[in-house]
Amino acid sequence: MHTLARLIAFSMTAALVPSVAAQDAPAPMDANAVNAANLLTDLVIEDRPYIFAPEPEIAPTEPEPAAPVVPSAAIVRAQILLDQFGASPGVIDGYDGENVRKALMAFQAMAGLEVSGTLDAQTIDLLETGLPVIGAYEITVEDMSEISGPTPADYAEKAQLEFLGYASVAEKLAERFHMDRDFLMALNPGAEFAAGETIAVAMTGSDRTGVVARIEADKTLRQVRAYDADGMLLAAYPATIGSEDNPSPSGSYVVEVVAPMPNYTYNPKINFQQGENAEVLTIPPGPNGPVGSMWIALSKPTYGIHGTPEPAQIDKTGSHGCVRLTNWDAEELGSMVSAGVTVDFL
């Protein structure tokens, strides 16, 4: 197993939570709050067992009412900074969770730090740029394209369409700026998302560049990691990798094809049964298609690394054996790989 995989498999032992003061009086979730957030003072470290650690035997008790969970401006800032450095936290939404922790660990590995998953002072010193992370964006006429309304759930109905575009301009812009759609709308109350309107968005920076020589699909950590020929970690992404009913493969394979905006061939005899559909169907391309906006085919037939129409569900629901990323992460990875790249399932 690769060094990073060994280090992070059972090492995460802390959680990020807003400071007591922030919990008592949460700051308004706007661009100013996020840009002014201080990772050292606005977050505290709270010890807790990592989810993969054995659960202790505790007698059942009446649970106390849970405090309402609200997004944190400081966590938004941390998510955007991690994204800028190629350690993807998945959707930017202001909530702490496993995807944030995995991104932290990847960043620490990239920076040559101890891989702890804890946002400590040393990590913040290397992560924090001091620059704004929320900026202004003027919606253009081009942003009105690829909007096709709600996508039907049934595959036979999907097959009747020409393109599976975005349900709304808000959904398209949320994906463009790596944001949860509800968070984008909360950050812009009253916005109509019309051409000429200026909105606040995450400044995630340019896509990662480089030549990927090897990919790790870590089934335990549920993360995809891309390395160059020298073994340096170029990028890391939270991932959905198979499920109990449809596990992902084991072993090593190679990339065969990189296909942006692919069609999807549904064959219930080979893949899975969707609804009442028993015939082979060709599902048209589009970001809201079954494999999203990118398909990276592997040498194991029918398996690949691909995007998703539901980025907020990455690492929260199972897949049909493939490796599922957000569309933007799959597109970034696809721009750095070519046929022949090794993919190791750990």
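- Between Asn288 and Glu171, the side chains place a donor N or O and an acceptor N or O closer than 3.5 Å (distance only, hydrogens not considered).
- Counting heavy atoms from C-beta outward, Pro268 and Tyr266 have side chains that approach closer than 4.5 Å.
- Side-chain contact, Ser88 with Lys102: no donor N or O sits under 3.5 Å from an acceptor N or O.
- With contacts defined as side-chain heavy-atom distances shorter than 4.5 Å, the pair Tyr303/Pro249 qualifies.
- Considering all non-hydrogen atoms of both residues, Val76 and Gly94 come closest at CG2-CA, 3.3 Å.
- For the residue pair Asn327 and Glu175, a side-chain donor N or O sits within less than 3.5 Å of a side-chain acceptor on the partner.
- Looking only at atom types and distance, the side chain of Thr140 has a donor-acceptor partner in the side chain of Glu142 under 3.5 Å away.
- Annotation: side chain of Arg181 is not in contact with side chain of Val91 (no heavy-atom distance under 4.5 Å).
- The minimum heavy-atom distance linking Arg208 with Glu332 is given by the pair N-OE1, 2.9 Å.
- With hydrogens and angles left out, the side-chain atoms of Thr240 and Gln313 include no donor and acceptor closer than 3.5 Å.
- Residues Tyr227 and Leu234 approach most closely at C-CD1, 4.2 Å, considering heavy atoms.
- By the 4.5 Å heavy-atom criterion applied to side chains, Met185 and Phe193 are counted as neighbours.
- Inspection of the Glu331 and Ser293 side chains reveals an N or O donor paired with an N or O acceptor under 3.5 Å.
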Is there a side-chain contact (heavy atoms from CB on, under 4.5 Å) between Asp143 and Arg176 once you walk through the steps?
CA-CA 10 Å; Asp143 293 324; Arg176 176 173 177 177; 3.2 Å; yes
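- In this structure a side-chain-to-backbone donor-acceptor pair under 3.5 Å is missing from Asp344 to Glu216.
- Judged purely by distance below 3.5 Å, without hydrogens or angles, the side chains of Gln79 and Arg77 never pair a donor atom with an acceptor atom.
- At least one side-chain heavy atom of Val255 sits less than 4.5 Å from a side-chain heavy atom of Val343.
- Across all their heavy atoms, Ala202 and Ile80 have their closest contact at CB-CD1, 3.7 Å.
- Residues Leu325 and Thr308 are not in side-chain contact: their nearest non-hydrogen atoms beyond the backbone lie 4.5 Å or more apart.
- Arg214 has no carboxylate O lying under 4.0 Å from a charged side-chain N of Asp228, or vice versa, which leaves the two without a salt bridge.
- Phe107 has its side chain out of reach of Leu81: every pair of non-hydrogen atoms, C-beta onward, lies at least 4.5 Å apart.
- Residues Asp120 and Leu113 have side chains not in contact (no heavy-atom distance under 4.5 Å, counting atoms from C-beta outward).
- For the residue pair Val323 and Ala217, the shortest heavy atom distance occurs at CG2-CB, 4.3 Å.
- Using a 30° and 60° split on the angle between ring planes, Trp328 and His178 fall in the parallel class, below 30°.
- No donor-acceptor contact under 3.5 angstrom links the side chains of Gln122 and Asp125, judged on distance only.
- Checked against the 6.0 Å centroid criterion, the rings of Tyr137 and Phe177 qualify as a close aromatic pair.
- Considering all non-hydrogen atoms of both residues, Thr118 and Thr123 come closest at O-OG1, 3.8 Å.
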